[in-house]
Amino acid sequence: MNKIVLPPERANLVNWPEGLTRVPYWVFQDQSVYAEEQRKIFQGPNWHYLALEVELAEPGDFLTAHIGDTPVIVTRDTDNEIYAFENRCAHRGALICLESRGKHRKDFSCVYHAWNYDPQGNLTGVAFKDGIKGKGGMPDSFKMEQHGPRKLRIAIIHGLIFGSFSEDVPSIEEYLGEEILNRIERVLGGRTPVVLGRFTQVLPNNWKLYMENVKDSYHASILHLFFTTFELNRLSMKGGIIVDESGGHHVSYSAIDREAEKDVDYAKQQLRSESEYKLADPSLLESFDEYRDGCTLQILSVFPSFVLQQIQNAIAVRQIVPRAVDRTDLNWTYLGFSDDAPEQRLTRIKQGNLVGPAGYISMEDGCVGGFVQRGVAGASDDHAVLEMGGADANSSESRVTEASVRGFWKAYRANMGL
Amino acid sequence: MTSSVLQYIIEAQAKYSRCIDDDRLEEWPSLFHGPCLYRITTASNYREGLEAGIVFANSRGMLIDRVSALREANIYERQTYRHILGQPSILSEDGAKVRSETSFLVARILQDGDTSIYATGRYFDVYEIADRSAQLQERTVVCDSSRIDTLLALPL
Ligand code: FES
Ligand SMILES: [Fe+2]
């Protein structure tokens, strides 16, 4: 794609308007901001989703992932614990592991010069360390225990593995707070997930535009006609948003409110979503009451890059991996649970049509970030307006608000010192 | 016998490709016969036997809904495809039921003229040979890459 983005003047980077209602566009465009995010956010005091515990069910299982730009290896060792370390050889920096996942791994050997690592990331062998026939080899001063890829801290919460490069990051419980924890527990607590599919959607935009979109409960029933017309989510439904104290984590939820079905406010606004539209096969939306709370939708995000989704019976985790200023990988993992009856499993697979790269709902989220990225190409000095629902970043019973988007920027600026 | 079966399958596949590339999506559901199964997945999901699809339809109604959602509900930039198909290989013949595998390459042409290779992969098809034609019953689209650019709107 040909794109001319004029780099903003350096001075603009500090020129962030007061309050949470303005977001300068250079934050989506500037290469130095991107580099700074890698250091301060992705390698900083935050927790990053890595994988599901069930994906590393047995000792010897491993997979590779990314935290921002940084490649990592995640393993389950013979002590049955989960470990993660940077996928970077301590010798001269080559990737240690090239596979995306595998089993029965006792060690990892770098292909370049065969330095060897155990599943915890300790350097255990250096090829020709003592030279050959007394010639060559490493000096005596070289100590293997002083070399190795960076190890991550690991936290597991309801089967979700999170990692952090930071020694200063608070415990995952403290990081998430009780309300967010409860909402994760609601979906995953005490259950054994089963991976039904994994898809990567390549987004033509800055990663933060996707996180804004996830947290934007304002757009849901306007951009997504499918969502609205079939009562998956109307602004007039019961529900609301939860924003944690840091601003960085959020939950948006809604529950069926049959009384509000003929809501006049909605009709008055003459939104696009008023059009007539019927499904030829409505079995797509035949759900089973999984959580017994009438809650048809719960979108939960953890700063900076994790989303847990329940849309009816379509359960998925999404991992956001920035690849460049204007490119982001969105990794979807569709889930069922081990105790699903066959017809429940089929329901989940059918409702998979709602989400992912071809999702009746999610399809638009895949391109709207690109529309913004292209729209603001010549407007680095200008800014977005986030005044829907006020100026704060607090929980609210209305979903006609941008409070959780403001919350994202609150946490982002705290992390970045902006 | 096999040569005419092969010919029927080539004809059915050519018809399918033209239907999508010519933007006659309304006709697409009627290209499926019998129980109807259509699924788009990726090679790594297929290899691991993971059931979920990027698109999953087990009724013709679900295909019709795909088309009406694309026409009336979903927002995406206007685009067209150009399908280039390889020769079908017959995997098995069981009475009138024939399974085949066919490689494809799909270029995506966006409104601004930008043309790119959008997907390559294989069709795993099940046909019933009847009335001197191959009637498509199941199509599993297995994309080679695990990455989908921006979104997948039109069927593959
Ligand atoms: S770079 Fe890994 S052994 Fe040399
Ligand atoms: Fe959305």
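Lettering of chains follows the sequences in order, A, B, ..., and the numbering in each one begins at 1. Quantities reported herein were computed from a predicted structural model and do not represent experimental measurements.
B:Ile75 approaches A:Leu223 most closely through the heavy-atom pair CG1-O, 4.0 Å. A pairwise comparison of heavy atoms in A:Gly359 and B:Asn74 identifies O-ND2, 4.4 Å as the closest pair. Smallest separation of non-hydrogen atoms from B:Ala73 and A:Phe226: CB-N, 4.3 Å. Counting all heavy atoms, side chain and backbone alike, A:Phe371 lies closest to B:Glu77 at CE2-OE1, 3.5 Å. Residues A:Met363 and B:Tyr76 approach most closely at SD-CD2, 4.2 Å, considering heavy atoms. Closest non-hydrogen pair, B:Gly61 versus A:Ala280, comes out as O-CB, 3.7 Å.
Atom CG of A:Asp281 sits about 6.5 Å away from atom CG of B:Asp65, to the nearest 0.5 Å. Separating the CG atom in A:Leu225 from the CD atom in B:Glu72 is a distance of 8.5 Å, to the nearest 0.5 Å.
Around atom CZ of B:Arg99, no more than 12 heavy atoms belonging to other residues, nucleotides or ligands sit under 6.0 Å away. Atom NZ of B:Lys97 sits in a sparse spot, with 12 or fewer heavy atoms from other residues, nucleotides or ligands closer than 6.0 Å. Annotation: B:Asp94, atom CG; neighbour count of heavy atoms from other residues, nucleotides and ligands within 6.0 Å does not exceed 12. Applying the 6.0 Å contact sphere to CZ of B:Arg18 captures no more than 12 heavy atoms from other residues, nucleotides or ligands. Within 6.0 Å of atom CZ in B:Arg78, 12 or fewer heavy atoms from other residues, nucleotides or ligands are found, so the atom counts as exposed in its surroundings.
Neither the backbone nor the side chain of A:Asn205 comes within contact range of chain B, judged by heavy atoms closer than 4.5 Å. Interface residue A:Phe199: backbone and side-chain heavy atoms are both found under 4.5 Å from chain B. When heavy atoms are compared at a cutoff of 4.5 Å, B:Ile54 approaches chain A by way of both its backbone and its side chain. In this structure, the portion of A:Leu346 lying under 4.5 Å from any heavy atom of chain B is its side chain and not its backbone.
Remark: of the listed residues A:Thr333, A:Val195, A:Val194, A:Val195 is the sole one forming a side chain to side chain contact (heavy atoms under 4.5 Å, CB included) with B:Leu50. Screening A:Arg345, A:Arg198, A:Lys350 against B:Glu51 for a salt bridge (charged side-chain N to carboxylate O under 4.0 Å, His left out) leaves a single residue, A:Arg345.
Interface remark: of the candidates A:Val202, A:Asp365, A:Leu330, A:Val202 forms the most heavy-atom pairs closer than 4.5 Å to chain B. Taking chain B as the reference chain and counting heavy-atom pairs below 4.5 Å, the highest number among A:Ser283, A:Gly366, A:Gly370 is found for A:Gly366. If you tally non-hydrogen atom pairs under 4.5 Å between each of A:Asn331, A:Leu203, A:Asp329, A:Val368 and chain B, the highest count goes to A:Asp329. Taking A:Pro357, A:Gly197, A:Gly369 one by one and counting their heavy-atom pairs under 4.5 Å with chain B, the maximum is reached by A:Pro357.
Of all residues spanning residues 64-72 of chain A, none has a heavy atom less than 4.5 Å away from chain B's heavy atoms. Inspection of non-hydrogen atoms places no residue of residues 116-136 of chain B under 4.5 Å from chain A. The stretch residues 143-156 of chain B places B:Ser146, B:Arg147, B:Ile148, B:Asp149, B:Thr150, B:Leu151, B:Leu152, B:Ala153 near chain A, each with some heavy atom under 4.5 Å from a heavy atom of that chain. Annotation: residues 21-36 of chain B contacts chain A through no residue [non-hydrogen atoms, separation under 4.5 Å].
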